[in-house]
Amino acid sequence: MRTYIITGLVTFAIGLGMGFYTGWVQFPVEYRNSHMCQLSPNYQEEYTLMVARGFQEDGDLQAALERLRPLRVEGKLECDDGRAYSIDNIPDWVQRVTEQKINQGANPDDIRTLVALAEAMGRLTPVMESFR
Amino acid sequence: MTYSEDELVYEPKIDSASGLSRRQLGIIVIGLIGLAAGLGLGLLYTWQIDPVIEQNTRPDQLNPVDKNNYVIAVGLDYGRTGDLRRAYSLLGEVEPGKDPFQVAADTVCELTQTGQVQTGADIEAVRNLIAIFAPQPDIEVTCDVVVYATRPPVPTVAPIATTLPTPTIALAATKTPTLPGPTPTLLTDFGPPTDVPSRRDFVVSQPASRCNSDRPGYIMVRVSDENGFPLGGIPVEIQWDDASGRNREIFWTGLKADLVDAGYADFKMEEGVTYTVQLVDRSGLSLEMTATDTCSSADLISYEVRFQPR
């Protein structure tokens with residue numbers, strides 16, 4: 001009887017381990033219907049740059065703000081994914097992305113595009129001055 | 001000599017092809033059951049109870065509304081950069097496996113059919129998207145995008161040099177200075193002209209109040225030509241005062257062509273606010289319209305304003 005119990009427990013533990021590995025590592029849950037705030041930071045930056053280009057074209061700050069608004073976390077539980085910076089304030093986010101691009105030595109045209117939007121939002125900082 | 005409990009159990013050999021004893025068979029069965037139970041519980045826990053926190057979400061995982069936002073942004077990007085290859089690549093990330101140009105076309109149709117194209121910036125974004133997919137073959141467009149096509153899909157600026165008529169020089173026996181040669185002027189082809197009477201003055205009708213339970217609190221604008229045919233793509237300016245001062249917004253006729261007709265546009269009023277409308281550079285201001293709940297159903301009143309050429 002003890003052999004049966006031990007066998008059952010050991011194989012159960014092995015199965016549990018396989019289940020954890022499969023569910024968390026090999027085949028984790030594939031999410032659908034996600035929010036903008038859950039986008040990978042790279043895509044969020046790309047999206048911000050695209051909106052900034054639209055702003056350069058039409059000069060409509062209100063429209064740019066509206067387009068960036070979906071990036072905000074706004075208390076959505078799904079957006080609490082443990083990342084270091086969560087977007088709560090759009091001008092602050094634009095300033096952050098712009099300064100990040102400057103620090104990374106990104107394409108100067110991209111930086112100028114972002115600086116124009118940051119400036120329109122009242123977020124022109126000294127490091128951005130040379131890209132105006 | 002002491003024996004364990006298992007050793008005291010009598011296990012007759014099973015006379016079978018496998019040659020396994022009943023005990024060994026039991027161990028295998030219990031092992032399999034344990035493995036299956038562990039695996040099942042592990043998957044239940046990792047997929048349902050505590051799944052991995054979603055990170056590094058891609059555009060194709062977004063909800064439909066945010067996918068549209070992303071596609072609009074691609075249109076804005078294209079409008080600025082004119083980089084079709086980049087637009088193609090970005091659109092491809094929204095619906096992998098689908099023709100990226102078709103993604104742009106479908107998004108435009110969805111936006112226009114659901115009335116999400118409201119502001120001038122929206123229209124510009126839609127035009128940019130149209131410019132992406134319109135020149136492409138085999139793209140199925142399930143909506144009418146002509147109303148936005150006041151600019152050609154791809155801005156082909158082809159200057160055509162024409163000459164002014166040669167100045168006639170009076171034949172006279174006197175010496176006259178030679179006139180400079182013909183001055184070439186550049187005509188730029190901006191595509192087919194829209195069917196809009198340009199710079200023609202429009203007359204604004206007196207706002208007619210309506211109690212419309214389906215659309216309470218709207219200013220419904222109708223613009224037509226002298227024959228009464230609806231005119232789409234006309235910018236309508238609305239003005240109102242609130243705590244922040246004087247406000248103005250421009251919206252276009254034709255964005256709800258599917259619902260009413262191409263000359264129709266509407267604007268949702270806020271209760272208690274007084275509005276005036278006019279056609280941008282084409283008409284005078286309408287009389288004031290105040291959003292009040294004077295309808296019997298306690299709905300806000302709606303107004304209809306008509307503009308027609310003089």
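Chain naming here is simple, since letters A, B, ... match the order of the sequence lines and numbering starts at 1 in each. What you see is a predicted model, and the numbers here were worked out from it, not measured in a lab.
Of the listed residues (A/Asn42, A/Thr11, A/Asp60, A/Ile6), the greatest number of heavy-atom pairs within a distance under 4.5 Å of chain B belongs to A/Thr11. Of the listed residues (B/Gly79, B/Pro59, B/Gly26), the greatest number of heavy-atom pairs within a distance under 4.5 Å of chain A belongs to B/Pro59. Between chain A and the options B/Ile30, B/Leu76, B/Leu62, the largest number of non-hydrogen pairs under 4.5 Å is found for B/Leu62. Between chain A and the residues B/Leu44, B/Leu90, B/Leu43, B/Asp122, the largest count of heavy-atom pairs under 4.5 Å involves B/Leu43. Here B/Asp60 is the residue among B/Val65, B/Ile28, B/Leu32, B/Asp60 with the most heavy-atom pairs under 4.5 Å with chain A. Residue with the most contacts toward chain B among A/Gln44, A/Gln62, A/Met36: A/Met36 (heavy-atom pairs, distance under 4.5 Å). With chain A as partner, the option from B/Pro64, B/Gly40, B/Gly75, B/Ala37 having the largest number of non-hydrogen pairs under 4.5 angstrom is B/Ala37. When each of A/Pro70, A/Gly19, A/Ala13 is scored by its heavy-atom pairs under 4.5 Å with chain B, the top score falls to A/Gly19. Residue with the most contacts toward chain B among A/Phe27, A/Tyr21, A/Phe55: A/Phe27 (heavy-atom pairs, distance under 4.5 Å).
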Original post:
Should B/Asp83 and B/Arg85 be marked as a salt bridge (Lys or Arg N to Asp or Glu O under 4.0 Å) after you check the CA-CA gap, both sets of side-chain angles, and the distance that decides it?
Top reply: CA-CA 6 Å; B/Asp83 188 342; B/Arg85 194 179 297 272; 5.6 Å; no

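Both the backbone and the side chain of B/Val74 come within less than 4.5 Å of a heavy atom of chain A. With a 4.5 angstrom heavy-atom cutoff, B/Gln48 does not touch chain A via any of its atoms. Looking at B/Ile27, both its backbone and its side chain come within 4.5 Å of chain A, counting heavy atoms on both sides. For chain A, the nearby part of B/Ala125 is the side chain; its heavy atoms alone come within less than 4.5 Å.
Taking a cutoff of 4.0 Å between a charged side-chain nitrogen and a carboxylate oxygen, B/Glu95 and B/Lys67 qualify as a salt bridge. A salt bridge between B/Arg86 and A/Glu46 is present, with a side-chain N of the basic residue lying under 4.0 Å from a carboxylate O of the acidic one. Of the charged side-chain nitrogens involved, at least one lies within less than 4.0 Å of a carboxylate oxygen, so that A/Arg132 and A/Glu129 count as a salt-bridged pair.
For B/Gln61 and A/Ser34, the side-chain atoms include no donor-acceptor pair closer than 3.5 Å. With hydrogens and angles left out, the side-chain atoms of B/Asn68 and B/Glu110 include a donor and acceptor closer than 3.5 Å. Between the side chains of B/Glu124 and B/Asn128, not a single donor N or O lies within less than 3.5 Å of an accepting N or O. In this structure, a donor-acceptor pair under 3.5 Å is absent between the side chains of B/Gln278 and B/Arg248.
A distance-only check finds no donor-acceptor pair linking the side chain of B/Thr107 to the backbone of B/Val71 [under 3.5 Å].
Under a cut-off of 6.0 angstrom, the local environment of CD in B/Glu270 is sparse, with at most 12 non-hydrogen atoms contributed by other residues, nucleotides or ligands.
At a heavy-atom cut-off of under 4.5 Å, chain B is reached by no residue from residues 84-95 of chain A.
Taking the six-membered ring for Trp and the full ring otherwise, the centers of B/Phe101 and B/Tyr88 sit less than 6.0 Å from each other.
Aromatic ring orientation, B/Tyr70 versus A/Tyr47: parallel (interplanar angle below 30°, classes split at 30° and 60°).
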